[in-house]
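Each chain gets a letter, A, B and so on, in the order its sequence line appears, and its residues count up from 1.
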Amino acid sequence: MKALRSGYFTGAVLGAIWSIIAAWTMAVAVSLSAGSPAVPVATGCVAIGIVAGLGAAFQLRPIIVIVLAVVTAFVAVVIGHGPLAAVEGGGSSIVVSASSFVLAVAIAGPVVAFMAGLPGGVLTRHELEAAIIRFLTGFGYLFFTAIVVIPFYVMVMTSLKSQQELLLNPLDFTVDLSKGWDLFRGYGELFTRYRFGTYMWTSFYVSVVTVLVTLLFSVPGAYAVARLRFRGRTAFSRGILLIYMVPMIVLALPIYIAFSVTGLRNSIPGLLLIYPVTTIPVALYMLQGYFRGLPTEVEEAGLMDGLNRLQVIAKITLPLSLPALASVSLYVFMIAWNEFLLAFMLLDDPAIFTLTRAVTSLNSSEVPRQYLMAGAVVATVPIMVLFLGLEKFMTKGLTAGSVKG
Amino acid sequence: MTAISPPRGSGPLARREARLAWSMLLPTISIVSLVVLLPLLAVFWISVKPVTLSDLRPPAPIVREDLRGRPAAAGDDADIRYRLRNSSQSKEISDVVLSDVLPDGLDVRTLDPRCELDGRQLTCRLGTWQGGFRDELRIPVTVGASYLEGGDIEASPPVIDGDAENVLTNLTFTTANFASIFDGEEFRTAFVITLVYTVAGTVGAMVLGLFAALLLNKSFRGQGVLRGLYLFPYVAPVIAVAFTWVILLDPFSGSINTLLVRMGVTTETINFFGQKPLALIMVIVFEAWRYFPLSFLFILARLQSIDSDMYEAADMDGASPFQKFWYLSLPQLMGILSVLFLLRFIWTFNKFDDIFLLTGGNAGTRTLTVDVYEQAFAVSNIGAGAAVAVVVFLCLVVFSALFFRFVSREEGL
């Protein structure tokens with residue numbers, strides 16, 4: 001049992017496991033970025049991992065551990081058990097060999113960090129767990145970054161490739177800069193032939209109007225629920241939340257029928273009638289939470305000074321709650337911009353598509369996938385820019401409003 | 001002299017406040033009832049009606065008017081011809097009435113017995129038309145000079161009206177919709193799939209979210225960047241990410257499949273969204289991937305509000321890192337985790353877009369919400385779709401009841 005708790009053993013095990021994880025990550029990264037697929041070779045990786053782990057457990061200087069790992073990698077490459085191996089017909093073996101050494105560093109560096117300050121002898125529970133936690137943290141950053149980045153990377157890169165290139169080597173995501181502006185052909189086609197400019201504008205004004213209407217309705221409602229006393233207040237605020245949970249697909253059927261009969265289907269006003277209603281409940285819920293947090297004294301002072309309620313709202317409450325209004329607006333904008341189901345069911349006329357609806361129409365075997373992904377990028381970029389620019393508000397909005405999915 | 005007692009009932013001030021409150025809520029209440037409550041009632045109504053997609057156009061009488069017989073000079077004879085048709089091949093229309101204003105210069109010679117002429121106003125009672133009915137009504141006229149000088153028979157379009165049974169509004173009810181959905185194996189499968197998808201998707205998203213929250217629950221440089229990055233899957237439009245996944249995992253030219261084959265992990269490409277158990281697993285993975293950011297935000301917010309004194313006390317008592325997580329953090333997070341679970345459960349249960357875009361409900365991924373769409377639009381049986389929608393709604397009511405019981409205890413909502 002004691003042997004299992006020794007720093008040497010821990011170092012070797014963590015090193016071995018990390019080497020496998022790092023090797024697979026490296027292999028995928030090399031494949032997706034250089035287009036030449038590589039496979040990890042278990043013996044080579046594990047050897048490097050164990051060397052690094054033991055080196056760290058012997059308290060060697062980090063730079064020495066890294067050098068040892070690179071030397072091991074060199075030996076492994078020479079005897080043909082290299083940590084990474086090129087796949088037959090898969091492209092350049094130089095890239096693969098070079099990345100073997102990068103991999104050695106990528107294994108040794110983190111392993112040293114995991115083992116920081118661990119003695120070689122028997123570890124206490126604290127030391128062992130701390131090492132495991134550092135290991136898990138490293139793994140976690142790698143894992144989450146990979147799962148988030150890879151799809152978006154593929155989305156952007158696919159939009160820059162022609163159909164032939166994609167079919168020829170689906171792994172090759174290198175950007176051929178010699179093509180110049182031709183790289184963006186997909187985007188050019190979208191904005192000329194597929195009229196994405198119009199769709200973007202439609203999506204934009206539909207979202208903006210939705211935000212405005214939502215605020216118009218939800219601000220007084222939220223204020224009433226937050227500040228005024230009346231019978232049925234709890235019931236009302238629960239009812240609002242309950243309505244928010246009604247699945248859209250249940251409502252979509254009768255709305256489809258009613259709109260077909262009244263001729264509102266295939267029209268933007270029809271869409272604008274429904275979009276705010278899907279967002280009013282959550283906006284109301286978010287705002288009333290915020291209004292409750294505002295000090296009543298300020299409003300009472302206003303009342304004493306002769307303002308009526310509506311003036312209090314306009315002159316005191318709203319200016320105080322600008323950050324909350326920003327969060328709510330952003331959140332509602334995001335919902336409206338991303339909305340798919342209703343746009344899909346209610347809009348058939350290509351002249352008035354919203355962006356999401358237009359991207360769906362690109363999903364056919366006749367349209368090159370380059371265009372579909374370019375459409376996806378066009379739909380994603382504005383919301384991402386907005387999100388990154390106003391991340392603070394957005395995060396607040398998401399946290400407060402994410403009773404919705 | 002009356003004894004002093006506290007006021008009973010609501011005073012005028014309280015009443016004024018309540019009135020103000022209701023008037024501020026009125027717009028919201030009215031628009032929400034119009035767009036949410038009314039459709040909800042309609043779903044219940046439709047679910048017991050034999051409605052198909054084609055019934056959305058009720059049968060209507062159709063008329064076309066023209067002048068036959070090329071009149072050249074004043075005094076020539078001609079016929080006003082009304083071509084009549086029932087738009088429906090199967091349903092009858094009763095009490096059909098045609099009315100039209102005859103242009104100046106056309107004088108009626110003989111009037112059809114079904115018609116009356118009052119001044120220039122022509123009214124014809126055409127009785128009941130069977131499905132597929134077609135007829136012509138001719139009214140012989142003498143053409144006068146004023147018509148030839150530029151009168152137009154089509155200047156006043158004829159108006160025709162009739163009473164047709166509209167299956168949406170009549171009082172025929174049927175239980176066939178419910179019978180058909182409960183009868184088939186299909187519904188039970190869909191229900192089980194929905195539950196599996198919902199539970200696994202919710203738990204997956206929460207576990208990932210918890211992990212991510214623990215990772216970022218310390219301040220270091222770049223924490224903000226990573227936090228923003230980890231929200232991407234949720235913030236991006238569902239169509240963009242769903243199509244990316246489909247393309248990435250495409251069995252013929254998807255990068256993942258190529259990678260797996262080249263690396264020698266599999267010999268044949270894997271049809272991730274087209275094989276029976278795998279497709280369901282993949283939509284669950286997608287669900288967990290797309291919604292972990294939400295759980296992550298919630299849990300992170302809660303983690304950051306836990307008092308650090310407790311951890312200091314635990315350190316003094318010699319608790320190890322895992323013990324601190326297990327005995328301190330986790331119990332503190334239990335409240336938010338359970339609220340989150342219920343909320344996400346409800347929303348995953350209601351989820352439609354993701355599965356619809358990824359698999360279209362094929363390969364064993366047909367959840368109840370997708371079933372609503374498929375019944376109504378693929379099979380064109382709107383009644384059956386509404387029946388499934390009713391079932392979905394009733395499930396929701398049960399879940400929300402649970403939610404409110406639970407949440408009001410946990411969060412004082």
Side chain Thr369(B), main chain Lys351(B), donor-acceptor under 3.5 Å: yes
Pairs of heavy atoms under 4.5 Å with chain B: top-ranked of Pro254(A), Gly375(A), Ala376(A): Pro254(A)
Residue among Ile147(A), Val154(A), Ile280(A) with most heavy-atom pairs under 4.5 Å to chain B: Ile147(A)
Structural part of Leu330(A) lying under 4.5 Å from a heavy atom of chain B: neither
Contact leader toward chain B among Val261(A), Thr360(A), Leu386(A), Leu284(A), where contacts are heavy-atom pairs under 4.5 Å: Thr360(A)
Met155(A) portion near chain B, given a 4.5 angstrom heavy-atom threshold: both
Contacting region of Phe399(B) [heavy-atom separation from chain A under 4.5 Å]: neither
Check: Asn338(A) side chain, Val235(B) main-chain N or O, donor-acceptor pair, under 3.5 Å: yes
Whether Phe143(A) and Phe139(A) hold their rings parallel, tilted or perpendicular, with breakpoints at 30° and 60°: parallel
Part of Ala27(A) lying under 4.5 Å from any heavy atom of chain B: both
Per-residue contact mode, Met345(A) against chain B (heavy atom under 4.5 angstrom): side chain
Winner by heavy-atom pair count (cut-off under 4.5 Å) against chain B, out of Leu310(A), Val250(A), Val359(A): Val250(A)
Atom group of Arg233(A) that falls short of 4.5 Å from chain B, counting heavy atoms: neither
Option that, when pairs with chain A are counted at under 4.5 Å, heavy atom only, ranks first among Trp289(B), Phe393(B), Phe252(B): Trp289(B)
Structural part of Leu372(A) lying under 4.5 Å from a heavy atom of chain B: side chain
Separation of Ile133(A) CD1 from Leu214(B) CG (nearest 0.5 Å): 9.0 Å
Contact class of Ser260(A) relative to chain B, heavy atoms under 4.5 angstrom: side chain
Stepwise side-chain contact (heavy atoms from CB on, under 4.5 Å) check, Phe144(A) with Leu208(B): CA-CA 9 Å; Phe144(A) 281 107; Leu208(B) 282 185; 4.1 Å; yes
Largest heavy-atom contact set with chain B, pairs under 4.5 Å, which of Thr137(A), Leu388(A), Leu362(A): Thr137(A)
Side-chain H-bond candidate by donor/acceptor type, Thr278(A) with Tyr244(A), under 3.5 Å: no
Max heavy-atom pair count under 4.5 Å with chain B, selected residue of Tyr141(A), Tyr223(A), Phe344(A): Tyr141(A)
Per-residue contact mode, Phe232(B) against chain A (heavy atom under 4.5 angstrom): both
Closest non-hydrogen atom pair, Trp347(B) against Met245(A): CZ2-CA, 4.1 Å
Contacting moiety of Thr124(A), where chain B heavy atoms sit under 4.5 Å: neither
Proximal component of Leu253(A), with respect to chain B [non-hydrogen, under 4.5 Å]: side chain
Value rounded to 0.5 Å, distance of CD1 in Ile243(A) from OH in Tyr285(A): 15.0 Å
Per-residue contact mode, Val149(A) against chain B (heavy atom under 4.5 angstrom): side chain
Aromatic plane relationship, Phe292(B) with Phe296(B) - under 30° parallel, 30 to 60° tilted, over 60° perpendicular: tilted
